[in-house]
Amino acid sequence: MPELPEVDVIKQALRKTIINKKINKVSIHNPNLRFKVNKNLEKILINKKILNISRIAKYLVIHFETGLFLIIHFGMSGTLHMVDKKKNINTNLSFYSHLNLPKKHNHVEIFFKNSRLIYNDPRRFGFIKVLNKMENLKKYFKKIGPEPNSKQFNTRYLKRKLNKKEINIKNALLDQTLVSGLGNIYVNEILFYSKIYPLKKSSEISKKFINKIIKYSNFVIKIAIKNGGSSIMNFKNTTGRMGNFQKEFKVYGKDGYMCPRTNCKGKIKKVFISNRSSFYCNICQK
DNA sequence: CCGTTAACCTGAGAGC
DNA sequence: TGCTCTCAGGTTAACG
């Protein structure tokens, strides 16, 4: 499911919901996610209090007392749901789907006194992992590149990285070791704003356009978070919380439409780049 | 080491 | 209605 903005919105919602709550019980209905869920998850988490929630790239990080961290990656279809015990109301943190997600995909449930947090993931590309100690957390994310809105993601850094690559810019920006948190939707959008053809060789991108990538990465991510992230796929049926940034898409999923840029008479084309759909204007992206 | 492709999964929607 | 096919917000092992 989510890229950086969606995970960030989930983080914000969770901060309002589960900080200072203590784990009463953990149920693992299906441990077979991308990586097998630790059998001892309940033993490890029981009676532990949640101190904070943060986000690193596309990962959600739940901080517990005694230096314990639970990291959640949502893969393509992972969602979290808060369910109130008494009212059985689903206070939804989801973007991908609706409130009546099949229960068979509720793989892990974390119980609190009056509520529970459900991890649902039809495709099981996501995973949940416990890390003990800040040191292990840092080690885990060692290979992850800077985030688009960080100081490290600057002209010098990006120029150096892109210059030594023989791949197209679309794939370069999807490389999480180069820049972290961007996925298929946002890379398509960023390249549109930057007027760069997605198949352009990354080593041939001039400084001027490198600066555009930085500028519009910041812009797109910021506005996406502001709009509550993007909800695609099943959003027709969504009665839970959903994002609105999909309404702002310029090219993603817009093949056949006219280019939204004023004074551009181009058309949005769809091509597959490394098995991922890519959208671009055939005139203004060069 | 680098770049590309296939594979991991389930479900929705299109076309017949 | 039902079958087959394609596609989906991600990552990475295996290959040349």
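Each chain gets a letter, A, B and so on, in the order the sequences are listed, and its residues count up from 1.
By the 4.0 Å N-to-carboxylate-O rule, A:Lys226 lies too far from A:Glu248 to be salt-bridged with it. Ion pairing between a basic and an acidic side chain is recognised when a charged N comes within 4.0 Å of a carboxylate O; A:Glu166 and A:Lys201 show such pairing. A salt bridge links A:Lys165 with A:Asp175: at least one charged nitrogen is closer than 4.0 Å to a carboxylate oxygen.
Of the listed nucleotides (B:dT5, C:dG10, B:dT4), B:dT5 has the atom at the smallest distance from the side chain of A:Asn275. When the nucleotides C:dA8, B:dT10, C:dT11 are ranked by their closest atom to the side chain of A:Arg124, B:dT10 comes out on top. Of the candidate nucleotides C:dG10, B:dT4, C:dA8, C:dA8 has the atom nearest to the side chain of A:Lys270. For A:Glu166, counting side-chain heavy atoms from C-beta on, the closest listed nucleotide (B:dG3, B:dG11, C:dG10) is B:dG3.
The shortest distance between side-chain heavy atoms of A:Phe69 and A:Met134 falls below 4.5 Å. Annotation: side chain of A:Lys222 is not in contact with side chain of A:Asn149 (no heavy-atom distance under 4.5 Å).
Contact check, A:Lys165 against B:dC2: no side-chain N or O comes under 4.0 Å of OP1 or OP2. The phosphate of C:dT11 has OP1 or OP2 within less than 4.0 Å of a side-chain N or O from A:His73. When the side-chain nitrogen and oxygen atoms of A:Ser274 are compared with OP1 and OP2 of B:dG3, none of them lie within a distance under 4.0 Å. Under 4.0 angstrom from either OP1 or OP2 of B:dG11 there lies at least one side-chain N or O belonging to A:Lys104. In this model, the phosphate group of B:dC9 is not approached by any side-chain N or O of A:His105 to a distance below 4.0 Å at OP1 or OP2. The side chain of A:Gln176 places no N or O atom within less than 4.0 Å of a non-bridging phosphate oxygen (OP1 or OP2) of C:dG10. The shortest distance between the side-chain N/O atoms of A:Arg123 and the OP1/OP2 oxygens of B:dC8 is not below 4.0 Å.
Rounding to the nearest 0.5 Å places CZ of A:Phe245 at 8.0 Å from CD1 of A:Ile221.
Following rounding to the nearest Å, A:Lys36 (NZ) and B:dC8 (C1') show an atom-to-atom distance of 14 Å. At whole-Å resolution of the value, CG in A:Leu178 and C1' in C:dT11 are 16 Å apart. Remark: P of B:dG3 and CG of A:Asn171 are 10 Å apart, rounded to the nearest angstrom. The nearest whole Å value for the distance from the CZ atom in A:Arg276 to the P atom in B:dT4 is 15 Å. Following rounding to the nearest Å, A:His107 (NE2) and B:dC8 (P) show an atom-to-atom distance of 17 Å. Nucleotide B:dC8 holds its P atom 14 Å from the CG atom of A:Asn32, rounded to whole Å. Distance, A:Asp121 CG to B:dC8 P: 17 Å, rounded to whole Å. If you take NZ of A:Lys170 and C1' of C:dG10, they are 12 Å apart, rounded to a whole angstrom.
Heavy atoms from other residues, nucleotides or ligands lying under 6.0 Å from NZ of A:Lys212 number more than 12.
In this structure, A:Phe125 counts as stacked on the base of B:dC8 under the 5.5 Å centre distance and 30° plane angle limits.
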Exercise. Determine, step by step, whether A:Asp121 and A:Arg124 satisfy the salt bridge (charged side-chain N to carboxylate O under 4.0 Å, His left out) criterion, reporting the C-alpha distance in whole Å, the side-chain angles of both residues, the deciding distance to 0.1 Å, and the verdict.
Key: CA-CA 5 Å; A:Asp121 189 355; A:Arg124 291 185 275 118; over 6 Å; no
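Nearer the 5' end of DNA chain B, as judged by each residue's closest nucleotide, is the contact made by A:Asn168, out of A:Arg34 and A:Asn168.
Counting non-hydrogen atoms under 4.0 angstrom, A:Phe272 reaches the backbone sugars and phosphates but no base.
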Quiz item: So what does the secondary structure string of DNA chain B come out as, 5' to 3', with Watson-Crick or wobble pairs under 3.5 angstrom, [ ] for crossing and | for pairs with another strand?
Solution: .|||||||.|||||||
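The separation of C:dC3 from B:dC9, taken at their P atoms, amounts to 24 Å, rounded to a whole angstrom.
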